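The structure appears below as structure tokens.
Per chain, numbering begins at 1; letters A, B, ... match sequence-line order. This one's a predicted model, so the numbers in the text were calculated from it and none came from an experiment.
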Amino acid sequence: SQQGEEDPQALSIQEGENATMNCSYKTSINNLQWYRQNSGRGLVHLILIRSNEREKHSGRLRVTLDTSKKSSSLLITASRAADTASYFCATAYTNAGKSTFGDGTTLTVKP
Amino acid sequence: EPEVTQTPSHQVTQMGQEVILRCVPISNHLYFYWYRQILGQKVEFLVSFYNNEISEKSEIFDDQFSVERPDGSNFTLKIRSTKLEDSAMYFCASSDPSGPSYNEQFFGPGTRLTVL
């Protein structure tokens, strides 16, 4: 299975701290995407990182990919209460192929 | 910013009834997807669609499911005879096969289907 698995399952931090979430997968991928989901809401696309990339940034988000370890991490710097949500990684093994989601990390940022 | 839209936001139906969930993908996107998320569970792939045909489907996507692109803008998921276990949030997604954001799958807000 190429299924992504996130850890930790739950993370609770204070506002202003950094949050790091990890994703591991089992087979070679074409790309990996990170999404945010607020409770009962839709999936918001955060970042896509391709298999030939090692790091990408978007605002306060930093994503790394280590294909040798089959893992990725999402770092949110200077977290805010509004960052409270579930975060999912989704892997795809072909261009435009289906995404396989992990169980997600539930992040709580306390004001 | 362009976005994927879905209607209705919430659909309640009786077991055995047919439902059609509607999606309008981002206009220049060519790949379309349906996923579902049962409450408290992970997001699961159902089907992908390209060039007016199914390109991939999961085990979940059995004969009671079908997809259609009836015109140049809509993408629909039909469930012929709903079961209680079809209750879930259904997400439509689309992606662009070219350009700087190629392969990024953008999701709609979802349709919450409740089967009674």
Side-chain angles (χ1 to χ4, degrees), chain A residues 1-7 9-10 21 23-27 29-53 56-59 61 63 65 72 85-106, chain B residues 1-7 9-10 23 25-26 29-51 54-61 67 88-112 114:
Chain A
S1 167
Q2 68 170 85
Q3 180 177 326
E5 297 180 359
E6 292 93 337
D7 80 271
Q9 289 188 325
M21 289 158 270
C23 170
S24 61
Y25 55 92
K26 296 179 181 175
T27 63
I29 60 171
N30 176 276
N31 64 76
L32 185 147
Q33 304 185 62
W34 283 92
Y35 292 87
R36 185 185 76 224
Q37 184 179 38
N38 290 80
S39 181
R41 305 294 294 274
L43 293 154
V44 175
H45 186 271
L46 298 176
I47 291 184
L48 178 149
I49 189 163
R50 305 185 198 285
S51 59
N52 61 350
E53 297 175 317
K56 286 187 84 168
H57 297 255
S58 176
L61 307 180
V63 167
L65 179 65
S72 174
S86 292
Y87 292 82
F88 296 89
C89 70
T91 53
Y93 61 89
T94 61
N95 278 328
K98 68 178 184 182
S99 286
T100 301
F101 283 77
D103 290 317
T105 293
T106 300
Chain B
E1 187 173 328
E3 58 184 19
V4 177
T5 59
Q6 291 185 242
T7 54
S9 57
H10 191 186
C23 168
I26 295 173
H29 287 189
L30 299 179
Y31 289 89
F32 314 116
Y33 312 82
W34 283 101
Y35 294 81
R36 78 173 186 189
Q37 185 180 32
I38 295 171
L39 186 63
Q41 298 186 23
K42 67 180 68 175
V43 176
E44 302 173 289
F45 168 78
L46 293 178
V47 66
S48 58
F49 191 86
Y50 171 71
N51 200 26
I54 290 173
S55 48
E56 190 173 5
K57 61 182 181 180
S58 71
E59 294 175 351
I60 303 168
F61 194 87
V67 289
M89 183 77 95
Y90 287 80
F91 293 107
C92 173
S94 67
S95 71
D96 180 0
S98 62
S101 64
Y102 77 94
N103 289 344
E104 289 183 1
Q105 290 188 20
F106 292 92
F107 282 72
T111 292
R112 181 169 299 283
T114 302

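Contact check for A:Phe88 versus B:Gln37: side-chain heavy atoms found under the 4.5 Å cut-off. The side-chain heavy atoms of A:Leu46 and A:Tyr87, taken from C-beta on, include a pair separated by under 4.5 Å. B:Phe61 places a side-chain heavy atom less than 4.5 Å from the side chain of B:Val67. Annotation: side chain of A:Gln33 is in contact with side chain of A:Ser99 (closest heavy-atom distance under 4.5 Å).
For a residue to count as touching a neighbouring chain, one of its non-hydrogen atoms must lie under 4.5 Å from one of that chain's; by this rule B:Glu56 touches chain A with the side chain only. Both the backbone and the side chain of A:Asn95 come within contact range of chain B, with heavy atoms under 4.5 Å apart. With a 4.5 angstrom heavy-atom cutoff, B:Tyr50 does not touch chain A via any of its atoms. With a threshold of 4.5 angstrom between heavy atoms, B:Gln6 does not approach chain A through any atom at all.
A donor and an acceptor atom, one from each side chain of A:Thr100 and A:Thr91, are nowhere located under 3.5 Å apart.
Between chain A and the options B:Tyr31, B:Tyr35, B:Phe91, B:Phe106, heavy-atom pairs under 4.5 Å are most frequent for B:Tyr35.
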